Peer 1: 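What follows is a single structure, and I will ask about it in a moment.
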Protein chains: 2
Amino acid sequence: MSPARPDSAPATRGAHATIHDVARVAGVSVASVSRVFNGRDHVRAEMRTRVEDAAAQLGYVPHAGARSLSMARTGAIGVVLPDLHGEFFSELLRGMDREASTRRLGLLLTVLHDGRGLDTLTALRGQVDGLVVMAPELDPDVLARHMPRGLAAVFLACAPQVGSLNLRIDNRAGAAAAVRHLAAGGAKRIVHISGPAGNLDAQERRAGAEAAAAEAGATLSVIEGDFLEASGTMVGERVAAGTLEADAIFAANDMMAIGAMMALKRHGVAVPEQVAVAGFDDIPLARLVSPALTSVAIDIAAMGARAVAQLAARIAGAREQPSGDASTGADEVIVPHLMVRETTRETDRG
Amino acid sequence: MSPARPDSAPATRGAHATIHDVARVAGVSVASVSRVFNGRDHVRAEMRTRVEDAAAQLGYVPHAGARSLSMARTGAIGVVLPDLHGEFFSELLRGMDREASTRRLGLLLTVLHDGRGLDTLTALRGQVDGLVVMAPELDPDVLARHMPRGLAAVFLACAPQVGSLNLRIDNRAGAAAAVRHLAAGGAKRIVHISGPAGNLDAQERRAGAEAAAAEAGATLSVIEGDFLEASGTMVGERVAAGTLEADAIFAANDMMAIGAMMALKRHGVAVPEQVAVAGFDDIPLARLVSPALTSVAIDIAAMGARAVAQLAARIAGAREQPSGDASTGADEVIVPHLMVRETTRETDRG
DNA sequence: CGCAGGCTTGTAACCGCTTACAGAAACCGC
DNA sequence: GCGGTTTCTGTAAGCGGTTACAAGCCTGCG
């Protein structure tokens with residue numbers, strides 16, 4: 001026999017009082033204690049105070065695990081993210097937390113370290129009510145195979161998933177806005193530094209840029225980059241050297257844009273007077289470089305919050321309608337907006 | 001098509017197979033299924049394969065909640081943090097995750113929105129095995145009162161807690177090192193942009209700065225900031241305008257330092273020639289701005305990892321020694337180091 | 001052949017809570 | 001005073017696992 005319990009009230013340091021202890025001390029049944037604590041059923045005032053006194057005296061706190069087992073609801077949602085760094089990660093979590101805490105939901109964080117950890121995904125069954133999954137680099141089939149069955153899920157910026165709600169960033173619209181802005185500033189020959197060909201975001205940004213350029217009557221030449229500063233530097237140098245003709249550069253992310261801009265400056269090309277530059281992502285650095293970089297911004301926190309809100313809705317839906325397919329996955333699109341700064345001209349110079 | 005299920009087994013889409021379903025399909029008892037899955041007891045090879053086949057066929061995944069209830073171990077730890085911003089928190093979480101995932105622990109994130117949410121703390125009972133708590137703005141007594149009894153805990157950079165392990169940053173030493181460095185570079189009139197008065201880190205950094213300035217024979221005037229870039233900007237502008245006399249600025253965190261530095265640059269004040277600047281935290285952005293910011297570095301990720309490791313040790317300890325006080329809380333101190341970069345002068349100009 | 005003792009396996013009692021159901025008590029109008 | 005409500009309370013059966021204990025099956029040995 002381990003914890004010696006004084007036979008009316010236990011709970012010294014280690015052991016916690018259970019609902020039975022409270023019931024015993026209050027001289028009522030466990031059902032009544034439960035009723036008092038969940039407060040939906042009728043209990044007489046005297047019963048309520050007796051239970052509350054006993055609970056206070058014992059320092060009783062309900063056991064979340066036990067409760068979730070019998071209610072089939074954990075009050076937590078799983079957040080599955082790739083190995084992220086920096087602001088993006090914290091902003092995303094911040095947004096998720098904002099929404100989750102107003103709904104009194106906990107966030108159980110799981111990071112997928114380059115591919116490994118997919119098995120921890122299924123292990124989440126019984127520990128969470130639903131999942132927000134962000135796994136942009138993962139094959140959707142692999143992902144689908146590892147999803148715990150019967151758990152509500154919302155995907156964030158993943159390759160399209162059948163039958164599940166997917167929140168994506170409207171890369172096309174963002175890129176188009178940037179290119180339109182460049183054209184409105186007078187650009188006729190725009191160079192687009194794209195991301196790697198295999199990257200979905202990169203493809204969409206390129207497509208948006210091409211569409212907007214065509215519409216605005218500007219030429220758009222594409223040079224494939226790799227999202228790193230060096231590819232931007234290389235393009236900036238070619239433009240400065242005159243090997244590549246351009247009056248504006250639109251890079252598929254900010255680091256490449258910054259690389260290009262720095263190279264231009266270094267070679268005495270005036271930004272934005274001679275060549276305008278715009279990026280994508282609006283990383284914190286974008287407004288700290290000089291001249292400050294015009295970029296396409298995504299409200300990351302809002303995206304996180306939206307994902308949690310959608311998931312909460314699906315969980316509630318599944319709860320009252322456990323039979324049917326979770327309401328069909330009409331994807332939802334997050335529209336980015338352009339942050340105009342100093343590397344572009346606001347108006348047409350003509 | 002959905003996987004056709006043999007009619008002995010339920011679990012179409014929504015419902016999950018339970019251990020009983022597996023036992024029935026395999027024609028064995030639930031105890032055997034459990035043994036196969038936990039693999040410590042002896043089971044005959046044939047039994048093993050039968051159970052594994054049945055489980056695979058049903059897509060069985062153990063229910064973490066139920067398991068944790070009967071084992072009195074959840075496999076998750078609660079992480080309680082103040083309202084989070086930026087790199088600091090992503091790095092902290094990153095370090096915690098690194099440690100937690102090698103130990104196969106989940107992280108249940110709880111954010112304390114300015115004081116509220118303390119009640120969610122006790123609600124963690126039964127959902128986690130232990131707690132890492134960071135609440136620098138909280139009165140230790142209030143905090144102690146809200147800690148779930150009998151749950152292992154490690155405190156991070158909090159006011160001293162009796163009987164619990166506390167990991168703290170040696171803010172005094174870090175701030176003193178920065179101020180000594182500024183003084184060694186020739187600074188005589190240093191302005192310190194502090195954090196909010198109620199914040200413990202802010203208080204310690206200020207105290208360290210004051211001590212070092214006094215020792216070095218430099219004057220130190222303190223302006224209270226709020227850890228956000230804008231407070232730095234404001235101070236930078238006052239210094240540039242001459243309203244505030246200074247030949248060096250030491251900010252209690254990097255964002256304020258960057259704000260100050262940018263403001264100085266914008267107004268044509270040379271950094272570090274006219275005014276040197278140093279920050280605290282060494283966020284990744286610090287070395288990306290130009291000139292690169294001198295800062296007091298803390299290996300934040302390592303600190304997070306350390307906290308989790310300590311907590312895991314305490315949990316294990318409590319498990320095999322449930323009686324005694326959790327091993328006495330010998331506080332552990334993290335000593336920061338100075339990263340000298342371009343916003344300060346290495347040597348005395350005199 | 002009988003039996004001690006080691007492997008396997010099954011039965012059933014938990015873990016701490018919720019809740020359907022039924023019984024008790026109080027109240028009502030007649 | 002009685003049946004019918006309505007309101008409160010208790011009993012006990014889960015939720016989905018783990019595991020102590022007992023029982024069954026072998027095996028080897030005297």
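Atoms considered below: every heavy atom in the structure, side chains included; atoms not considered: hydrogens, waters and symmetry mates. Keep in mind that this is a model prediction, so the values were computed, not measured.
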Peer 1: Not counting sequence neighbours, which residues clear ring-ring contact (aromatic ring centres under 6.0 Å, His included) with A/Y60? List them please.
Peer 2: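 Result, ring-ring contact (aromatic ring centres under 6.0 Å, His included) vs A/Y60: A/F37.
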
Peer 1: Base, sugar-phosphate, or nothing for B/V33, non-hydrogen atoms under 4.0 angstrom?
Peer 2: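 If one applies the 4.0 Å heavy-atom cut-off, B/V33 turns out to touch nothing in the nucleic acid.
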
Peer 1: With heavy atoms of chain A within less than 4.0 Å as the criterion, where does contact along DNA chain D begin and end?
Peer 2: D/dC8 to D/dG17

Peer 1: Within the distance-only criterion (no hydrogens, no angle test), does the side chain of B/R50 pair as donor or acceptor with the backbone N or O of B/A26 below 3.5 angstrom?
Peer 2: yes

Peer 1: For the pair made of NE2 in A/H20 and C1' in C/dG16, what is the distance, rounded to whole Å?
Peer 2: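 The distance from NE2 of A/H20 to C1' of C/dG16 comes to 7 Å, rounded to the nearest Å.
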
Peer 1: A/Y60 near the nucleic acid: base, sugar-phosphate alone, or nothing, with a heavy-atom cut-off under 4.0 Å?
Peer 2: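 Sugar-phosphate, no base atom in range.
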
Peer 1: In degrees rounded to 10°, what angle is found between the helical axes fit to the five outermost pairs at each end of the helix from C/dC1-D/dG30 to C/dC30-D/dG1?
Peer 2: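 Both end axes considered, the difference amounts to 60°.
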
Peer 1: Please give, in whole Å, the distance from C/dG16 P to A/D21 CG?
Peer 2: 9 Å

Peer 1: First locate atom CD of B/E332, then atom CZ of B/R168, and finally report the distance between them rounded to the nearest 0.5 Å.
Peer 2: 11.0 Å

Peer 1: Under the ring-ring contact (aromatic ring centres under 6.0 Å, His included) test, which residues partner A/F88, sequence neighbours left out?
Peer 2: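 Scan of A/F88 (ring-ring contact (aromatic ring centres under 6.0 Å, His included), adjacent residues dropped) gives none.
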
Peer 1: Just checking, any donor-acceptor pair under 3.5 angstrom between side chains of A/H113 and B/D97?
Peer 2: yes

Peer 1: Atom CG of A/L108 and atom CD of A/Q127: how far apart are they, to the nearest 0.5 Å?
Peer 2: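 Here the rounded value is 5.5 Å.
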
Peer 1: Measure from CZ on B/R24 to C1' on C/dT9 and round the result to the nearest Å.
Peer 2: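 Taking CZ of B/R24 and C1' of C/dT9, I get 19 Å after rounding.
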
Peer 1: B/T74 side chain to B/D129 main-chain N or O, any donor-acceptor pair under 3.5 Å?
Peer 2: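 Between the backbone of B/D129 and the side chain of B/T74 there is a qualifying donor-acceptor contact (under 3.5 Å).
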
Peer 1: To the nearest angstrom, how far is B/Q127 atom CD from C/dG16 atom P?
Peer 2: 16 Å

Peer 1: Can a donor-acceptor pair be found between the side chains of A/T49 and A/D53 at a distance below 3.5 Å?
Peer 2: no

Peer 1: Round to a whole Å and report the spacing from NE2 of B/H63 to C1' of C/dC15.
Peer 2: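 Checked: the NE2 to C1' distance equals 14 Å.
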
Peer 1: Can you build the contact string for nucleotides 19-28 of chain C? Use B for base contact, S for sugar-phosphate-only contact, and - for no protein heavy atom under 4.0 Å.
Peer 2: BB--------

Peer 1: Is B/R125 reaching over with its side chain to a backbone N or O of A/V61, donor-acceptor style, under 3.5 angstrom?
Peer 2: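 The answer is yes, because a donor-acceptor pair under 3.5 Å joins these two groups.
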
Peer 1: Between P on C/dG16 and NE2 on A/H16, what's the gap in Å once rounded to a whole number?
Peer 2: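 The answer, rounded to whole Å, is 11 Å.
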
Peer 1: Determine the contact category for B/R48: base if any of its heavy atoms lies under 4.0 Å from a base atom, sugar-phosphate if only primed atoms, P, OP1 or OP2 are that close, otherwise nothing.
Peer 2: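 Touches nothing.
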
Peer 1: If you check the B/M47 side chain, which of C/dT18, C/dC15, C/dT9 turns out closest?
Peer 2: C/dT9

Peer 1: Measuring from A/I19:CD1 to A/R24:CZ, what's the distance to the nearest 0.5 Å?
Peer 2: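 If we round to the nearest 0.5 Å, A/I19:CD1 and A/R24:CZ are 12.5 Å apart.
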
Peer 1: Not counting sequence neighbours, which residues clear salt bridge (Lys or Arg N to Asp or Glu O under 4.0 Å) with B/R103? List them please.
Peer 2: B/E99

